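First the structure, in the form of structure tokens, and then the observations on it.
Position 1 is the first residue of the sequence, and the numbers go up from there. Owing to the predicted nature of the structure, the values given are computational and were not obtained by experimental measurement.
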Amino acid sequence: MSSIRIELDGQQPGFCICSNTNDVTIETTFPGALRSHMSDSDWTRFSDEVDNALIPIGQMKRQMRRDGMIGLSCALVINGTLMGLQFT
């Protein structure tokens, strides 16, 4: 029994977990080792189903980025306010 690796695109790491907001999708190239097991149309249907199942991951990545930016902004404002109060 052999194994076949199918890559997921859109997982490139950035400087933090929320810096890469690209959608995660399945590799579109039909692996040659699967030719004896499925047709081109089966592969297309399979990759479309996987892409649809991965849509929420892209949405979560974008939401994490928005929430992270809002959280960072709030932390900076609070920190600045507290620093200002400390020196008055």
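Under the 4.5 Å side-chain heavy-atom criterion for Ile, Leu, Val, Met, Phe, Trp and Tyr, Met69 and Met64 are members of distinct hydrophobic clusters. In the hydrophobic clustering of this structure, Met60 does not group with Ile55; members are Ile, Leu, Val, Met, Phe, Trp, Tyr whose side-chain heavy atoms approach within less than 4.5 Å, directly or through other members. Residues Leu8 and Ile4 share a hydrophobic cluster, clusters being chains of Ile/Leu/Val/Met/Phe/Trp/Tyr side chains in contact below 4.5 Å.
Taking 4.5 Å as the limit, some side-chain heavy atom of Gln63 sits within range of a side-chain heavy atom of Arg66. Considering only heavy atoms from C-beta on, Pro31 comes within 4.5 Å of Leu34 through its side chain. Looking at Ile6 and Trp43, their side chains come closer than 4.5 Å, going by heavy atoms from C-beta outward. The shortest side-chain heavy-atom distance between Asp42 and Ser39 falls under the 4.5 Å cut-off.
Atom SG of Cys74 and atom CG of Asn79 lie 12.5 Å apart (nearest 0.5 Å).
Contact between Arg5 and Glu27 at its shortest, heavy atoms only, is O-OE1, 4.4 Å. Of all non-hydrogen atoms in Phe46 and Met38, the two that sit nearest each other are CB-CE, 4.3 Å.
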message = Would Glu7 and Thr29 count as a side chain to side chain contact (heavy atoms under 4.5 Å, CB included) here? Give the steps.
response = CA-CA 10 Å; Glu7 295 290 328; Thr29 307; over 6 Å; no
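Of the residues listed (Val50, Asp9, Asp48), the one engaging Ile26 in a side chain to side chain contact (heavy atoms under 4.5 Å, CB included) is Val50, and it is the only one.
For the pair Asp23 and Arg62, the salt-bridge criterion is met [side-chain N within less than 4.0 Å of a carboxylate O].
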